[in-house]
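The structure appears right after this line, and notes come after that.
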2 protein chains.
Amino acid sequence: MKQNKTSISSKCKRSRCPVACMLDILGDKWTLLVVRDMFFGKHTFKELQQSMEKIPSNILADRLKRLQKEKIIDRTLYQERPRRYAYNLTQKGLDLKPVMQSLIAWSNKYNPDTYDMSKVK
Amino acid sequence: MKQNKTSISSKCKRSRCPVACMLDILGDKWTLLVVRDMFFGKHTFKELQQSMEKIPSNILADRLKRLQKEKIIDRTLYQERPRRYAYNLTQKGLDLKPVMQSLIAWSNKYNPDTYDMSKVK
DNA sequence: TTACTCACTTGCAAAATAAAAGTTACTAAC
DNA sequence: GTTAGTAACTTTTATTTTGCAAGTGAGTAA
């Protein structure tokens, strides 16, 4: 047990509120972009690094570790010699789809400059 | 016009992707907690400051300014002498409800330590 | 032997966040 | 009219996180 501030669960950093706990994991500018890319078929470090927002490689490495720790993605060796790894969404990650969809709908509704992503289905 | 990196809209900081643009506004640990509190009837600086995650007052002030700038909330003087202000969700803010709901559902599904928020309807 | 690629890691400056204390406008109590 | 108190912020300073550039290690290909 790490903290005991009148018992906040070990999996919840600030409170037991579902919104707060979700933000403890995904609340930053990059993590959901990595998840988005994986929904769109990007799986390797390089592919993720090349997407248009140009995530710094140290941040990408850090976020991939966090996402693995949270079991939102997993990493598998898909090729020995040379070793190559593929990141994939777990069921927990795939279940973020409704979050992605609603947030995309909101963005499209209020920011006409954003493009259509109807590929996410 | 601020930037012109082969034309990224002035409202989109990193790209025109709806996910990225949403994260440019709401992608941090606190902003959506403020929105959550307003969905639950908190309207004054003090009420927002007192919620259980204990947001630092400078961060709260900053986020309230950003949310106003983005027209997700507005600020009204509800009492002269002494001056008191109330923050309220605009329609744009209210339209974040599906995002909140899906994210709460995801959190509840995968983190059993999070509590029920069925009040958000 | 040299050049190149992928998947990271390291170092350092810049920016954002956190905690505490301070400010302004006003009311209420003594 | 002086002291105490409150709401809504702001300021200061220290700590943490981020961003950029460069570097590393395992392996391939020429």
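Note on naming: letters A, B, ... go to the chains in the order of the sequence lines (proteins, then strands), and numbering restarts at 1 for each one.
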Item checked: Candidate pair A:Asp28 and A:Thr31, rule side chain to side chain donor-acceptor pair (under 3.5 Å), full reasoning -> CA-CA 6 Å; A:Asp28 78 296; A:Thr31 308; 2.4 Å; yes
Next item on the list: Kindly indicate, with the supporting measurements, whether the criterion side-chain contact (heavy atoms from CB on, under 4.5 Å) is fulfilled by A:Tyr87 and A:Leu64.
Entry: CA-CA 8 Å; A:Tyr87 295 96; A:Leu64 288 170; 3.7 Å; yes
Quick one: list whatever passes side-chain contact (heavy atoms from CB on, under 4.5 Å) with [X], sequence neighbours left out.
| X | answer |
| --- | --- |
| A:Pro82 | A:Gln79, A:Arg84 |
| B:Gln50 | B:Lys46 |
| B:Asp62 | B:Arg66 |
| A:Pro56 | A:Trp30, A:Asn58, A:Ile59 |

Next item on the list: Please tell me which of A:Lys29 and B:Thr44 maps to the more 5' nucleotide of DNA chain D, matching each residue to the nucleotide holding its nearest heavy atom.
Entry: B:Thr44
Checklist line | Whichever hydrophobic residues join A:Tyr78 through chains of side-chain contacts under 4.5 Å | finding: none
Note to self: Suppose clustering is done on Ile, Leu, Val, Met, Phe, Trp and Tyr with side-chain heavy atoms closer than 4.5 Å. Which residues sit in the same group as A:Leu77?
What the structure shows: A:Tyr85
Item checked: Check against side-chain contact (heavy atoms from CB on, under 4.5 Å), A:Tyr110 and B:Ile72 -> CA-CA 10 Å; A:Tyr110 288 102; B:Ile72 290 167; over 6 Å; no
Calculate the interatomic distance between [X] atom [atom1] and [N] atom [atom2]; express it in whole Å.
| X | N | atom1 | atom2 | result |
| --- | --- | --- | --- | --- |
| A:Ile59 | D:dT17 | CD1 | P | 11 Å |
| B:Leu48 | D:dA7 | CG | C1' | 13 Å |
| B:Gln49 | D:dA7 | CD | C1' | 9 Å |

Item checked: Set of residues satisfying salt bridge (Lys or Arg N to Asp or Glu O under 4.0 Å) with respect to B:Asp74, sequence neighbours excluded -> none
Next item on the list: For B:Glu53, enumerate each residue passing the salt bridge (Lys or Arg N to Asp or Glu O under 4.0 Å) test, keeping only those at least two apart in sequence or located in another chain.
Entry: B:Arg36
Notebook entry, point to check: Between the two end axes of the helix from C:dT1-D:dA30 to C:dC30-D:dG1, each built from 5 base pairs, what angle do you get to the nearest 10°?
Noted result: 10°
Margin query: Let's go through B:Ser102 and A:Ser102 carefully: what are the C-alpha distance in whole Å and the side-chain angles of both, what is the deciding distance for side chain to side chain donor-acceptor pair (under 3.5 Å) to 0.1 Å, and is it a yes or a no?
Written below: CA-CA 8 Å; B:Ser102 57; A:Ser102 57; 3.2 Å; yes
Notebook entry, point to check: Under 4.0 Å: is that the gap between some side-chain N or O of B:Lys46 and OP1 or OP2 of D:dA7?
Noted result: yes
Next item on the list: Strictly below 4.0 Å, heavy-atom distances to any atom of DNA chain D: list the hits from residues 60-73 of chain A, or just say none.
Entry: A:Arg63, A:Arg66
Margin query: Between A:Asp24 and B:Lys29, does any side-chain N to carboxylate O distance fall below 4.0 Å?
Written below: no
Margin query: Going 5' to 3' along DNA chain C, between which two nucleotides do contacts with chain B fall, using a heavy-atom cut-off of 4.0 Å?
Written below: C:dT17 to C:dT27
Next item on the list: Using a 4.0 Å heavy-atom cut-off, write out nucleotides 21-30 of chain D from 5' to 3' as B (base contacted by protein), S (sugar-phosphate only) or - (no contact).
Entry: -B----SS--
